[in-house]
Enquirer: 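Quick one: structure below, then a few questions.
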Amino acid sequence: MKLIPAVLIAATLATPAAALEPLAQEKYINDRLVAARIADRIRRTCPSIDGRILYAYGEARKLKRYAETKGYSRAQIDAFLDSKADKARIYAVAEDYLARQGAKAEDPESFCRVGRQEIARNTVIGSLLVAK
């Protein structure tokens, strides 16, 4: 009888921890990064909207802590954030969202319109923006 608990403990210790999905597939993190990119595009294009830079910095730190709490190492997080392919993918998703919302590169006011809507709806994107 004493052997069974010892075998269970040994088996548990020998089993690798549950494999984490690649950060590029972690929905919460990716959604927040896309939202940050959208907010950045809006603040850079629309002359009547600014970014809440200190708030965004705090949210970025929370997001990093979230990833660490899920079990991702700092090296994994840094590699993901430095990945040109992942950055391009996030930028493409953000640009697609902006286009679907009616933002046009040659029309800064269209970015302002999207930004005001996001602020009014109190979305993650809107929380990173402030009207001047």
Side-chain angles (χ1 to χ4, degrees):
M1 291 303 240
K2 292 180 182 181
L3 184 61
I4 293 174
V7 170
L8 289 175
I9 291 171
T12 302
L13 293 176
T15 305
L20 291 169
E21 63 187 329
L23 275 165
Q25 295 173 7
E26 210 290 337
K27 183 172 175 29
Y28 180 83
I29 291 171
N30 281 265
D31 287 352
R32 295 306 182 274
L33 292 173
V34 169
R37 174 59 184 165
I38 293 167
D40 188 52
R41 281 283 282 135
I42 291 170
R43 79 170 181 92
R44 290 175 182 269
T45 308
C46 173
S48 63
I49 293 180
D50 269 336
R52 297 178 60 203
I53 303 301
L54 292 177
Y55 177 76
Y57 178 73
E59 291 300 300
R61 291 181 56 142
K62 284 183 200 174
L63 195 55
K64 187 173 184 178
R65 280 194 306 273
Y66 170 83
E68 290 171 343
T69 300
K70 286 201 71 169
Y72 295 98
S73 69
R74 287 185 181 171
Q76 287 172 308
I77 296 166
D78 291 342
F80 172 65
L81 293 175
D82 291 340
S83 166
K84 289 181 182 182
D86 286 318
K87 188 179 289 189
R89 179 184 50 78
I90 288 167
Y91 280 29
V93 172
E95 291 301 317
D96 179 61
Y97 177 85
L98 286 164
R100 285 186 286 116
Q101 299 305 310
K104 296 176 180 67
E106 68 282 351
D107 180 13
E109 181 53 36
S110 66
F111 282 82
C112 298
R113 197 168 31 259
V114 173
R116 286 190 299 270
Q117 289 170 352
E118 296 291 337
I119 292 168
R121 291 188 349 232
N122 199 27
T123 63
V124 173
I125 298 163
S127 74
L128 300 170
L129 300 170
V130 63
K132 291 181 182 176

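Since this is a predicted model, take the numbers as computed values, not measurements.
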Enquirer: What pair of heavy atoms forms the shortest contact from Arg52 to Leu129, and how long is it?
Expert: CD-O, 3.5 Å

Enquirer: Write out all pairs satisfying disulfide bond (SG atoms under 2.5 Å apart) with one or both partners inside residues 43-132, taking only residues at least two apart or from two chains.
Expert: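 Listed once each, the pairs are Cys46-Cys112.
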
Enquirer: More than 12 non-hydrogen atoms from neighbouring residues, nucleotides or ligands closer than 6.0 Å to NZ on Lys27, yes or no?
Expert: no

Enquirer: Show the nearest heavy-atom pair for residues Gly102 and Ser110, with the distance to one decimal.
Expert: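 Gly102 and Ser110 have their closest heavy atoms at O-CB, 3.4 Å.
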
Enquirer: Shortest non-hydrogen contact from Asn30 to Gln25?
Expert: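 The answer is ND2-N, 4.0 Å.
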
Enquirer: Between Gln101 and Phe111, is a side-chain contact (heavy atoms from CB on, under 4.5 Å) present by the stated rule, with each step listed?
Expert: CA-CA 9 Å; Gln101 299 305 310; Phe111 282 82; over 6 Å; no

Enquirer: Nearest 0.5 Å, what's the CG-NZ distance between Asp82 and Lys87?
Expert: 7.5 Å

Enquirer: Nearest 0.5 Å please: distance from the CD atom of Glu109 over to the NZ atom of Lys104.
Expert: 12.0 Å

Enquirer: Do Arg44 and Asp40 sit within salt-bridge range, that is, some charged N less than 4.0 Å from a carboxylate O?
Expert: yes

Enquirer: Between the main-chain N or O of Ala79 and the side-chain N or O of Ser83, is there a donor-acceptor pair closer than 3.5 Å?
Expert: no

Enquirer: If only atom types and distance count, is the side chain of Lys132 paired as donor or acceptor with the main-chain N or O of Asp50 below 3.5 Å?
Expert: no

Enquirer: Ile38 and Tyr97: which non-hydrogen atoms are nearest, and at how many Å?
Expert: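 Heavy-atom minimum between the residues: CD1-CD2, 3.4 Å.
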
Enquirer: Could you tell me if the side chain of Ile53 sits less than 4.5 Å from the side chain of Arg43, heavy atoms only?
Expert: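 Yes, close enough: below the 4.5 Å cut-off.
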
Enquirer: Any side-chain heavy atom of Lys64 within less than 4.5 Å of one from Asp78?
Expert: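 The answer is yes, as the side chains (C-beta and beyond) meet within the 4.5 Å cut-off.
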
Enquirer: Identify, with sequence neighbours excluded, every residue that meets salt bridge (Lys or Arg N to Asp or Glu O under 4.0 Å) alongside Asp86.
Expert: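 So Asp86 forms a salt bridge (Lys or Arg N to Asp or Glu O under 4.0 Å) with Arg89.
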
Enquirer: I need the Leu63 CG to Arg32 CZ distance, nearest 0.5 Å.
Expert: 8.0 Å

Enquirer: Would you compute the distance between atom CG of Leu33 and atom OH of Tyr28 and round it to the nearest 0.5 angstrom?
Expert: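 Leu33 CG to Tyr28 OH: 10.5 Å, rounded to 0.5 Å.
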
Enquirer: How close do Ala39 and Ile125 get, heavy atom to heavy atom, and via which atoms?
Expert: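 Here Ala39 and Ile125 meet closest at CB-O, 4.0 Å.
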
Enquirer: Between Ile77 and Leu23, what is the shortest heavy-atom contact and its length?
Expert: CA-CD1, 3.8 Å

Enquirer: What's the spacing between Arg113 CZ and Ile49 CD1 if we round to 0.5 Å?
Expert: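 That separation rounds to 11.0 Å.
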
Enquirer: Between Glu26 and Tyr72, is a side-chain contact (heavy atoms from CB on, under 4.5 Å) present by the stated rule, with each step listed?
Expert: CA-CA 11 Å; Glu26 210 290 337; Tyr72 295 98; 3.8 Å; yes

Enquirer: Look at the side chain of Gln76 and the backbone N and O of Ser73, then say whether any donor-acceptor pair between them is shorter than 3.5 Å.
Expert: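 Yes; at least one donor-acceptor contact below 3.5 Å.
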
Enquirer: If you draw a 6.0 Å radius around CZ in Arg121, do more than 12 non-hydrogen atoms from other residues or ligands fall strictly inside?
Expert: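 Atom CZ in Arg121 is packed in, count exceeds 12.
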
Enquirer: Apply side-chain contact (heavy atoms from CB on, under 4.5 Å) to Val114 and Arg100, showing your working.
Expert: CA-CA 10 Å; Val114 173; Arg100 285 186 286 116; over 6 Å; no

Enquirer: Is the shortest heavy-atom distance from the side chain of Asp31 to the side chain of Val124 under 4.5 Å?
Expert: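 Side-chain contact under 4.5 Å: no.
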
Enquirer: Any side-chain heavy-atom pair from Ile29 and Phe80 closer than 4.5 angstrom?
Expert: yes

Enquirer: Salt bridge check, Lys62 against Glu59: does any charged N sit closer than 4.0 Å to a carboxylate O?
Expert: yes

Enquirer: How long is the straight-line distance from CD1 of Ile119 back to CZ of Arg116, given to the nearest 0.5 Å?
Expert: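 Interatomic distance, Arg116 CZ to Ile119 CD1, rounded to 0.5 Å: 8.5 Å.
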
